[in-house]
Amino acid sequence: MGGTSDVKLIVDGKRLDERTVDELRKIRIQTGIVPEADGSAFIEWGGNKIICGVYGPRECIPKHAANPYRAVIKCRYMMSPFASLEEHGRSGPSRRSTELSKVIREVFENVVLAKEFPNTQIELYMDVLQADGGTRTASITVAAVALANAGIPMKDMVSAVAVGKGGDELMVDLGKLEDNFGQSDVPLAFSAKDKKLLLVQMDGLLTRDEIAKILEMAEKSSEKINEIQTNALKDYYTKETEEEFKL
Ligand code: CDP
């Protein structure tokens with residue numbers, strides 16, 4: 001990040017993976033894949049592979065941490081040591097995973113109807129098996145599907161994407177090189193229906209006009225992502241219904 005590197009992110013008007021500036025990478029989501037969890041989902045987003053398991057609402061442990069007015073949301077983002085080739089060589093929590101767990105938790109604290117479940121906890125675990133830029137936004141996207149799969153009531157669905165600037169162009173869904181060597185990276189999360197901004201982070205510098213354009217590009221992308229999330233849930237529940245009919 002910072003735009004001083006020699007890596008050319010736009011060559012002959014195209015991005016390194018041939019995408020146009022407003023094109024998302026391929027996204028595939030499958031839900032209900034971990035039988036032991038109350039809800040789960042797996043996402044492949046470009047080269048990212050992330051699995052999410054949800055438990056709860058269930059008894060809050062330790063008991064003294066329980067809130068008599070609402071469920072406590074616990075969130076753990078983790079990148080496995082084999083998730084990427086270079087930088088990430090160790091397992092266990094890091095400053096980065098602590099930050100990401102916190103910002104993801106704050107997103108869901110704003111949509112989960114936690115007041116319905118006082119004295120309980122809702123746990124969200126996201127494990128990045130393969131990382132390729134945009135793991136926080138892909139984690140939020142897959143976690144929203146896993147929460148829905150767990151039957152946890154939410155005000156709205158959440159879809160997230162990182163939009164930024166590389167090679168002096170604004171572009172959606174930054175890949176790893178665009179993220180690491182671009183001029184700016186803005187991960188954003190939106191609620192699907194009322195388009196409330198639930199996460200805004202920013203690396204690098206942008207003008208006011210660029211920020212306005214980025215918000216517009218991200219909102220359009222979030223609609224496409226929401227469609228993929230909805231279809232993943234529909235696929236799962238249609239399959240279940242078909243199986244029930246077979247019995
Ligand atoms: O993943 P996200 O873009 O949300 O977070 P980041 O901190 O901006 O990282 C960008 C990308 O760099 C990640 O998606 C990984 O591909 C890579 N990375 C890594 O491999 N190991 C790290 N410790 C941090 C980042």
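Just so it is clear, the structure is predicted and the values come from calculations on it, not from any experiment. Atoms within each ligand, like the ligands themselves, are counted from 1 in listed order. For this chain, numbers begin at 1 and follow the sequence in order.
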For this session: Ignoring angles and geometry beyond distance, decide whether Y77 reaches within less than 3.5 Å of ligand 1 through its nitrogen or oxygen atoms.
Result: no
For this session: May I ask you to check whether S84 has an N/O atom sitting below 3.5 Å from an N/O atom of ligand 1?
Result: yes
For this session: Decide side chain to side chain contact (heavy atoms under 4.5 Å, CB included) for L198 and V111; before the verdict, give the C-alpha distance in whole Å, the side-chain angles of both, and the deciding distance to 0.1 Å.
Result: CA-CA 9 Å; L198 300 166; V111 286; 3.8 Å; yes
Exercise. For Y125, what are the other residues in its hydrophobic cluster, where any two members join if their side-chain heavy atoms are less than 4.5 angstrom apart?
Worked result: Y55
For this session: Could you list the atoms of ligand 1 found under 4.0 angstrom from a heavy atom of D179?
Result: 3 (O), 8 (O), 10 (C)
Exercise. Residues in side-chain hydrogen bond (donor to acceptor under 3.5 Å, both in side chains) with N149, at least two apart?
Worked result: Y237
Problem set entry | Worked verdict on R15 versus I10 for side chain to side chain contact (heavy atoms under 4.5 Å, CB included) | CA-CA 5 Å; R15 295 164 74 174; I10 302 271; 4.1 Å; yes
For this session: Using non-hydrogen atoms of the residue, decide whether P187 is closer than 4.0 angstrom to ligand 1.
Result: no
For this session: Just let me know how D203 lines up against ligand 1, side chain, backbone, both or neither, with a heavy-atom cut-off below 4.0 Å.
Result: neither
Exercise. Which atom pair, heavy atoms only, marks the closest approach of R136 to I104?
Worked result: O-CD1, 4.3 Å
For this session: Verify the distance criterion only: is there a donor paired with an acceptor across the side chains of Q121 and E123 at less than 3.5 Å?
Result: yes
Problem set entry | Residue-ligand contact G134/ligand 1, heavy atom below 4.0 Å | yes
For this session: Using a strict 4.0 Å cut-off to heavy atoms of A131, name the atoms of ligand 1 that fall inside it.
Result: 15 (C), 16 (O)
For this session: Could you list which atoms of ligand 1 come closer than 4.0 Å to a heavy atom of K176?
Result: 16 (O), 17 (C)
Problem set entry | Any donor-acceptor pair under 3.5 Å from T31 side chain to A41 backbone | no
Exercise. Pick one: which of D173, I27, T137 meets side-chain contact (heavy atoms from CB on, under 4.5 Å) with I225?
Worked result: I27
For this session: May I ask you to check whether G133 has an N/O atom sitting below 3.5 Å from an N/O atom of ligand 1?
Result: yes
Seminar exercise, completed: Here the atoms of ligand 1 under 4.0 Å from any heavy atom belonging to M79 are 21 (N)
Exercise. Going by distance only, is there an N or O of T135 that falls short of 3.5 Å from an N or O of ligand 1?
Worked result: yes
